[in-house]
Number of protein chains: 2
Amino acid sequence: MVKDVRKIKTERDIQQALLTLLTQKTVRQITVADICQTSLTSRSTFYAHYIDKYDLLENMVAVHTTMFAQQVHVRFMQMIDGQIDELVQGLLADMADKRPAIQILFTIHEDHADLQANFRSLLLKEWQRFIAPYGDAMQVPADLMATMGTNVQMTVLEWTLAHGDVSNAAVADAIDTIRKAVLLQIQPATN
Amino acid sequence: MVKDVRKIKTERDIQQALLTLLTQKTVRQITVADICQTSLTSRSTFYAHYIDKYDLLENMVAVHTTMFAQQVHVRFMQMIDGQIDELVQGLLADMADKRPAIQILFTIHEDHADLQANFRSLLLKEWQRFIAPYGDAMQVPADLMATMGTNVQMTVLEWTLAHGDVSNAAVADAIDTIRKAVLLQIQPATN
DNA sequence: GACAAAGTGTTCGAAAACCAACGTTTAATT
DNA sequence: AATTAAACGTTGGTTTTCGAACACTTTGTC
């Protein structure tokens with residue numbers, strides 16, 4: 001079953017409209033009529049696709065979350081291995097044209113639509129899985145270091161989102177220093 | 001008679017698709033199937049709106065030409081009066097979101113679809129109308145100076161197109177110098 | 001509490017777009 | 001000159017979208 005192009009286009013227009021409106025108003029202030037007006041769709045069509053504006057928002061967040069989930073392991077390992085430049089380039093390639101959308105959605109924190117929280121949660125799981133083997137031997141609580149690592153990575157991610165393609169050696173160095181400090185707490189012997 | 005939104009959207013998508021394709025191929029290399037594929041419209045719909053790809057192109061050029069025709073006199077007078085900064089700002093305001101489209105169309109020179117030529121022709125008429133009263137008293141041929149002035153103005157226009165919002169004093173100065181030189185040929189007494 | 005105004009969600013006939021199929025034209029290949 | 005493939009332009013049945021109407025709820029005002 002292939003989707004009719006009209007459905008694809010309608011959803012594309014509606015989603016783009018919501019993103020545009022989110023740069024001007026809060027979710028609560030945006031009406032379905034607003035979305036339809038800026039997306040050039042009729043209200044009846046909107047309701048043929050989404051239950052309400054929150055359904056639309058949750059859908060968009062879910063799509064980006066799924067995408068990130070598929071790439072998170074590779075990016076995580078690059079961070080662990082200190083390949084900061086490759087990480088940044090990879091992140092940018094993954095996002096490509098979706099960057100503006102992700103950037104806007106990162107500012108939205110609704111109950112079941114919080115992209116930033118989802119990203120953080122996925123990264124935290126990676127850290128926990130990574131730390132687990134060392135857990136018992138560690139001086140510092142494993143959870144603390146997992147959270148710490150997650151925060152460093154979220155910082156890299158948000159910086160990349162905001163600044164785009166940059167080959168800034170100073171940034172890479174700074175991140176690498178923090179990375180080493182975190183890893184030192186986990187693997188005192190190595191590194 | 002108001003146009004159905006669907007017509008507006010379809011035409012918008014088709015036009016945008018052509019612009020995108022024009023950055024990759026020549027007009028001749030672009031097929032109707034190409035346009036339909038990147039605009040997510042069916043071929044039958046394309047033919048419901050346009051006779052062929054040249055009809056589409058001519059339509060787009062005509063729209064921008066009409067727009068420019070309505071603004072050309074104001075912009076022309078700003079040039080004459082040496083208000084270069086106001087001219088550049090005005091041009092940018094006129095073009096707004098159409099700038100990328102105009103930029104691409106400026107590179108296309110088909111028989112009945114040549115936006116650059118249309119702009120030049122409109123400006124030339126302004127210069128001829130402006131010079132006419134001085135014509136007999138002038139040392140230099142009126143036509144030559146009209147062409148000269150037109151070329152200077154086209155240069156400003158294309159520079160603005162390419163570089164966008166810039167408050168560059170050096171550029172404004174350079175243009176102003178040339179402007180004075182041209183006007184001096186027309187009005188030896190004044191200035 | 002009564003009222004108007006604005007937003008919500010649903011319904012249905014009309015209009016537009018889709019898409020697959022068709023025969024035709026054009027251009028390149030052998 | 002014959003053959004093939006690709007692009008052209010047209011057709012008709014199917015699906016989607018539109019737009020206007022409707023009742024209902026929420027919000028703010030007198």
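Worth saying up front: this structure is predicted, and the values here are computed from it rather than measured. So that the names make sense, note that chain A is the first sequence line, chain B the second, and so on, each numbered from 1.
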Just by modelled atom types, is the [Y] backbone N or O under 3.5 Å from a matching donor or acceptor in the [X] side chain?
| X | Y | result |
| --- | --- | --- |
| B/D81 | B/Q83 | no |
| B/R120 | B/N151 | no |
| B/R99 | B/L161 | yes |

Between C1' of D/dA6 and NZ of B/K53, the distance in whole Å: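 Going from NZ in B/K53 over to C1' in D/dA6 covers 13 Å.
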Heavy atoms from other residues, nucleotides or ligands near CD of B/Q37 exceed 12 (cutoff 6.0 Å):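 Result for CD/B/Q37: open.
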CE (B/M67) with more than 12 external heavy atoms under 6.0 Å: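 Open.
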Side-chain ion pair, A/D34 and A/K53, N-O less than 4.0 Å: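 Here A/D34 does not pair with A/K53 in a salt bridge, since their nearest N and O are not under 4.0 Å apart.
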Note: A/D13-A/K9 ion pair, threshold 4.0 Å (strictly below):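 No, no charged N to carboxylate O under 4.0 Å.
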Validation: residues 14-23 of chain A side-chain donor-acceptor distances under 3.5 Å, sequence neighbours left out:
residue: A/Q15; atom: NE2; partner: A/Y50; partner atom: OH; Å: 3.2
residue: A/Q16; atom: NE2; partner: A/T20; partner atom: OG1; Å: 3.3
residue: A/T20; atom: OG1; partner: A/Q16; partner atom: O; Å: 3.0
residue: A/T23; atom: OG1; partner: A/T20; partner atom: O; Å: 2.5

Heavy-atom protein contacts under 4.0 Å, nucleotides 14-25 of chain D, coded B base, S sugar-phosphate only, - none: -BBBBB------
Nonpolar side-chain network containing B/V5, other nodes, edges under 4.5 Å: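 Besides B/V5, the cluster holds A/L40, B/I8.
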Bounds of contact between DNA chain C and chain A, in 5' to 3' order, using a heavy-atom cut-off under 4.0 Å: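 Listing 5' to 3', DNA chain C meets chain A from C/dG7 to C/dC19.
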Ring geometry between B/F76 and B/F130 (parallel below 30°, tilted from 30 to 60°, perpendicular above 60°):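 Ring orientation, 0 to 90° scale: perpendicular.
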Close residues, residues 16-34 of chain B, relative to DNA chain C [heavy-atom separation under 4.0 Å]: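 None, since no heavy atom is under 4.0 Å.
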Rounded (10°) bend between the five-pair end axes of the helix from C/dA4-D/dT27 to C/dT30-D/dA1: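 Taking the rotation axis at each end, their angle is 40°.
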Residues A/Q116 and A/E158: side-chain donor-acceptor under 3.5 angstrom: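 Yes, because at least one side-chain N or O of A/Q116 sits under 3.5 Å from a partner of the opposite role on A/E158.
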B/H112 and B/E58 side chains, donor-acceptor separation under 3.5 Å: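 There is no such pair (donor and acceptor under 3.5 Å, judged by atom type) between the side chains of B/E58 and B/H112.
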